[in-house]
Amino acid sequence: MELLIGKIAVIGGGSWATAIIKMLGDNLQPKEVYWWMRSQEAVDHIKTYRHNPNYLSSVEIKLPAENICTDIKSIISKADTILLNVPAAFLKKALADISPEDLKGKKIVSAIKGIVPDENMIIGEFLNQRYQIPLTDIIVISGPCHAEEVALEKLSYLTIASADTTLATAFATVIQTRYIKTNVSDDIYGTEYAAVLKNIYAVASGICHGVGYGDNFQAVLISNAIREIERFVDSVHPIDRDIKESAYLGDLLVTAYSQFSRNRTFGNMIGKGYTVKSAQLEMNMVAEGFYAVNSLHQINKNHKVYMPICRAVYAILYEKHSPHIEMKLLSEQLS
């Protein structure tokens with residue numbers, strides 16, 4: 001089934017892209033993998049020293065040096081499967097020189113957990129509408145899985161979703177390792193939206209911690225968050241799904257509670273009084289939940305799903321409401 005996947009190009013140079021490069025390298029099936037990243041300095045460093053200087057620097061990069069470059073058109077032309085792994089906010093910029101013809105006939109994997117700003121679309125919808133990629137040629141990777149634990153080879157689980165489950169299964173066979181287990185799903189809308197939403201709830205979790213709420217309240221917050229996710233995905237794409245599965249509940253839990261969660265860290269800083277800009281500068285990493293809550297707020301104007309947690313995070317980040325006051329108001333709405 002690996003013939004369905006063929007040669008793979010990974011687009012992106014961050015921690016999650018580096019983790020996926022490691023998974024593909026540690027997977028025992030023979031395969032050709034290419035890697036595009038924007039920074040020529042990072043590419044030169046990896047070619048010389050065999051590790052990413054900026055992210056997960058302990059990971060040994062096993063790719064041939066000639067397979068790593070900053071020419072995205074060249075990388076995409078060589079591959080059968082394109083794995084997108086840049087922050088959603090920068091996806092349009094990364095693909096600015098790429099036309100629908102460049103992607104014609106290729107399978108597209110989204111490892112992006114966000115919504116394309118301005119378009120207010122999840123990645124699958126954006127690829128389908130902007131690049132005419134059939135939904136049956138799109139694969140979505142979801143967690144629960146932190147890049148930092150992949151680097152440490154801690155046992156982790158991925159859900160591979162596609163409208164074509166044969167394609168999802170084929171991709172699962174080229175990414176699973178002794179420390180990566182995979183599940184297959186046909187719910188590309190639900191898994192993508194859940195991956196977006198859990199980042200917003202992780203920001204909320206961090207804000208609550210930052211303003212001084214304890215574990216008891218956090219548990220109530222996340223219990224309500226999974227219900228918000230269920231209400232929203234059932235409204236957007238009503239199919240038979242079990243919200244308690246790892247791709248939904250599991251991914252939410254690890255993002256809301258883990259020390260490695262950049263969204264939780266970002267929220268914690270906001271709760272402690274940082275401005276959005278100062279928190280972003282200090283982290284030097286993208287917290288997808290910041291962009292996602294704005295897009296989700298716009299999308300939900302059409303669906304009108306009851307989402308008090310998302311509304312509170314939006315009010316804090318975009319309307320500059322007091323985290324203390326918003327969390328107090330939110331606490332009156334949770335059960």
Side-chain angles (χ1 to χ4, degrees), residues 8-28 31-72 75 79 82-91 93-94 109-114 141-158 174-181 199 202 206 251 254-255 257-266 268-269 278-290:
I8 303 169
V10 176
I11 307 300
S15 57
W16 189 220
T18 305
I20 286 180
I21 288 289
K22 175 177 170 58
M23 294 178 215
L24 291 168
D26 289 347
N27 175 274
L28 298 178
K31 68 185 75 64
E32 192 79 14
V33 177
Y34 302 93
W35 193 8
W36 173 87
M37 57 179 64
R38 185 175 301 281
S39 167
Q40 184 64 54
E41 184 179 358
V43 168
D44 293 341
H45 186 100
I46 292 169
K47 288 181 176 182
T48 303
Y49 300 105
R50 314 308 297 160
H51 67 85
N52 189 334
N54 302 313
Y55 303 96
L56 304 187
S57 57
S58 65
V59 170
E60 179 189 359
I61 306 301
K62 300 176 182 178
L63 295 187
E66 62 270 19
N67 286 21
I68 311 169
C69 77
T70 59
D71 184 344
I72 192 168
I75 288 283
I82 313 302
L83 194 155
L84 300 174
N85 206 335
V86 296
F90 307 137
L91 179 61
K93 184 177 181 181
V109 183
S110 172
I112 302 170
K113 300 179 179 181
I141 302 178
S142 57
C145 190
H146 276 306
E148 292 82 0
E149 290 203 349
V150 173
L152 296 169
E153 300 187 357
K154 300 284 189 182
L155 182 61
S156 303
Y157 292 71
L158 293 174
V174 301
I175 204 165
Q176 59 199 12
T177 71
R178 61 180 178 79
Y179 56 87
I180 298 291
K181 295 186 180 294
N199 285 332
D251 206 8
V254 75
T255 311
Y257 287 117
S258 174
Q259 61 177 321
F260 297 124
S261 171
R262 67 188 69 174
N263 288 283
R264 190 180 195 279
T265 299
F266 174 75
N268 188 47
M269 294 169 77
S278 62
Q280 289 173 326
L281 286 170
E282 185 159 323
M283 285 180 62
N284 195 32
M285 296 177 81
V286 174
E288 289 276 21
F290 169 70

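- Remark: the backbone N or O of Thr70 is not paired with any side-chain donor or acceptor of Gln40 at under 3.5 angstrom.
- Listed by first and then second residue, the salt bridge (Lys or Arg N to Asp or Glu O under 4.0 Å) pairs that reach into residues 49-66 are Asp26-Lys62, sequence neighbours excluded.
- Rounded to the nearest 0.5 angstrom, Ile82 CD1 and Ile8 CD1 are separated by 10.0 Å.
- No donor-acceptor distance shorter than 3.5 angstrom exists from the side chain of Trp16 to the backbone of Val86, with no hydrogens or angles considered.
- Proximity of a side-chain donor or acceptor of Asn263 to a complementary backbone N or O of Glu288 within less than 3.5 Å is detected.
- At a threshold of 4.5 Å between non-hydrogen side-chain atoms, the residues Leu56 and Val150 do not count as touching.
- Annotation for Leu83 and Ala111: closest pair CD2-CB, 3.9 Å, computed over non-hydrogen atoms.
- Annotation for Lys113 and Cys145: closest pair NZ-O, 4.4 Å, computed over non-hydrogen atoms.
- Shown here are the ring pair (Phe, Tyr, Trp, His ring centres under 6.0 Å) partners of His146, two or more places apart in sequence or in another chain: there are none.
- Contact annotation: the side chain of Val33 never approaches that of Asn67 to less than 4.5 Å [non-hydrogen atoms, C-beta and beyond].
- Summarising the geometry, atom CG belonging to Asn85 is positioned 7.5 Å from atom CD1 belonging to Ile141; distances are rounded to the nearest 0.5 Å.
- Atom CG of Leu158 sits about 9.0 Å away from atom OG1 of Thr177, to the nearest 0.5 Å.
- Nearest heavy atom pair, residue Ile112 against residue Pro87, reads CG2-C, 4.3 Å.
- In this view, Tyr49 and His45 satisfy the ring pair (Phe, Tyr, Trp, His ring centres under 6.0 Å) rule, not counting sequence neighbours.
- In this structure, Gly12 and Trp35 approach most closely via the heavy-atom pair O-NE1, 2.6 Å.
- At a threshold of 4.5 Å between non-hydrogen side-chain atoms, the residues Ile175 and Asn27 do not count as touching.
- Within a 6.0 Å sphere centred on CG of Leu281, heavy atoms belonging to other residues, nucleotides or ligands number more than 12.
- Separating the CD1 atom in Ile75 from the CD1 atom in Ile11 is a distance of 6.5 Å, to the nearest 0.5 Å.
- The salt bridge (charged side-chain N to carboxylate O under 4.0 Å, His left out) search around Glu153 returns Lys22, Arg178, not counting sequence neighbours.
- For Asp251, the side-chain hydrogen bond (donor to acceptor under 3.5 Å, both in side chains) criterion is met by no residue, not counting sequence neighbours.
- Side chain of Thr265 to backbone of Ser261: a donor-acceptor contact under 3.5 angstrom is found.
- Listed by chain and residue number, Ser15, Thr18, Asn52, Met285 satisfy the side-chain contact (heavy atoms from CB on, under 4.5 Å) test with Tyr55 (two or more places apart in sequence, or in another chain).
- Separating the CZ atom in Arg38 from the CZ atom in Phe90 is a distance of 9.0 Å, to the nearest 0.5 Å.
- Within the model, atoms NZ of Lys47 and CD1 of Ile61 stand 13.5 Å from one another, a figure rounded to the nearest 0.5 Å.
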